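Heavy-atom basis, side chains included; hydrogens, waters and symmetry copies ignored. Since the structure is predicted, the reported quantities are computational estimates derived from the model, not experimental observations.
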Amino acid sequence: MRMKGGWSTRDLAEIAGTTVKTVRHYHRVGLLEEPERAANGYKQYRIGHLVRLLRLRRLVDLGVPLSDIAAMEESAEGAEQVLRALDAELAASIERQQRMRDEVAGILRQRELAELPPGFGENAGALSDAERAFLLVCSRIFEPWVMETLQEMQTEPRSAVGREFDALTEEASEETRQRLAERYAPEVLRVQQDHPRLTTLKEQGAGVHGPRHWSAFLQGIVEMYNPAQIDVLQRVNVILGWTPASG
């Protein structure tokens, strides 16, 4: 490695633990002064260039954007402002990563949580594959306040009639479906009264990100339930006067 007469760009980059491309980039943005050239045209970097480059790398390693380094060097106030902003970003990043660690720890204890949106840990094991998939789709469809309401509902224990609805098979008779709908309707109404914000979901998809998202939600309903369950839900709507009776 040459020293007499100065270092080449490659030598300087190697000593500083960076790349030639990085050194040249610092020249282009005005953070590293160009060195003198020897008679043969080669650059001759000195110890001052190395110290400057190491200081730049130190700030970059801390997370300071190159665009903020000039402001840091202009005044003590500018440096403090940049560092406080960086500290706030790091604090937010640490908080986010801690939340992620907490979620990973939860998934290690209960694998079903990996198939659910964040915040749906309660009773995760009691949910069916279809219900977990449906909630995951909902997390992309609905505004945050809707998901918060669904979280509240998910913590409530499933009623006997709700479990009967879950267990309903496609072979259920007309009589069985009608009886279940008549018993299920008061519970559906109670849930709506306990969570009044859900009423807006029936008003042209309020709380939904867009028409395509609403379409995905309706498709999810169709695929989540079997025909007998969908029939019961339609009967519930009729009983509650939300949709007119057919025929």
Side-chain angles (χ1 to χ4, degrees), residues 106-107 110-247:
I107 292 171
Q110 193 171 8
R111 296 297 175 87
E112 293 87 353
L113 294 179
E115 303 171 2
L116 285 166
F120 282 83
E122 293 288 338
N123 303 322
L127 297 173
S128 67
D129 290 343
E131 288 172 324
R132 290 195 295 271
F134 182 66
L135 286 173
L136 199 58
V137 171
C138 285
S139 68
R140 286 293 303 151
I141 293 173
F142 292 119
E143 301 287 354
W145 67 264
V146 180
M147 297 307 297
E148 291 171 5
T149 302
L150 293 178
Q151 286 179 28
E152 295 172 6
M153 294 172 60
Q154 194 248 333
T155 61
E156 300 168 359
R158 197 74 164 133
S159 67
V161 67
R163 292 194 298 272
E164 186 176 340
F165 173 81
D166 294 339
L168 191 70
T169 63
E170 297 184 30
E171 294 76 21
S173 66
E174 290 286 321
E175 182 181 359
T176 298
R177 299 180 189 189
Q178 183 60 30
R179 282 203 312 266
L180 180 56
E182 291 172 356
R183 294 169 50 222
Y184 203 21
E187 177 163 325
V188 171
L189 183 61
R190 177 190 60 76
V191 169
Q192 185 192 65
Q193 292 171 341
D194 291 345
H195 305 280
R197 292 193 298 178
L198 289 181
T199 305
T200 61
L201 291 180
K202 297 185 300 181
E203 300 170 358
Q204 300 178 352
V208 182
H209 288 300
R212 285 195 183 130
H213 293 78
W214 182 247
S215 173
F217 170 69
L218 296 178
Q219 184 64 30
I221 290 286
V222 171
E223 295 189 10
M224 178 178 175
Y225 298 118
N226 64 47
Q229 291 171 319
I230 293 175
D231 182 39
V232 168
L233 293 177
Q234 291 172 337
R235 293 170 189 254
V236 167
N237 283 338
V238 171
I239 292 171
L240 295 177
W242 293 345
T243 57
S246 60

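Between the CG atom in D194 and the CD atom in E187 there is a gap of 10.0 Å [rounded to 0.5 Å]. Distance check: F142 CZ to L150 CG gives 6.5 Å after rounding to the nearest 0.5 Å.
Side-chain contact between L168 and T176: present, with at least one pair of heavy atoms (C-beta onward) separated by less than 4.5 Å. Within the 4.5 Å cutoff, the side chain of L136 has no heavy atoms near those of the E115 side chain. At a threshold of 4.5 Å between non-hydrogen side-chain atoms, the residues Q151 and L135 do not count as touching. Counting only heavy atoms from C-beta outward, the side chains of H195 and V191 approach each other to under 4.5 Å. Side-chain contact between V188 and Q192: absent, with no pair of heavy atoms (C-beta onward) separated by less than 4.5 Å. Residues E175 and Q178 form no side-chain contact, since every pair of their non-hydrogen atoms from C-beta on lies 4.5 Å or further apart.
Summarising the geometry of V236 relative to A185, their closest heavy-atom pair is CG1-CA, 3.9 Å, with the distance given to 0.1 Å. When all heavy atoms are compared, the tightest approach of E170 to A228 is CA-CB, 3.9 Å. Across all non-hydrogen atoms, the minimal contact from M147 to C138 is SD-O, 3.5 Å.
Between E174 and R235 there is a salt bridge, with a side-chain nitrogen of the basic residue lying less than 4.0 Å from a carboxylate oxygen of the acidic one.
For F165, the ring pair (Phe, Tyr, Trp, His ring centres under 6.0 Å) criterion is met by Y184, Y225, not counting sequence neighbours.
At most 12 heavy atoms of other shown residues, nucleotides or ligands fall within 6.0 angstrom of atom CZ in R111.
For the pair Q229 (side chain) and D166 (backbone), a donor-acceptor distance under 3.5 Å is present.
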Derivation and outcome, side-chain hydrogen bond (donor to acceptor under 3.5 Å, both in side chains), residues T169 and E171: CA-CA 5 Å; T169 63; E171 294 76 21; 3.2 Å; yes

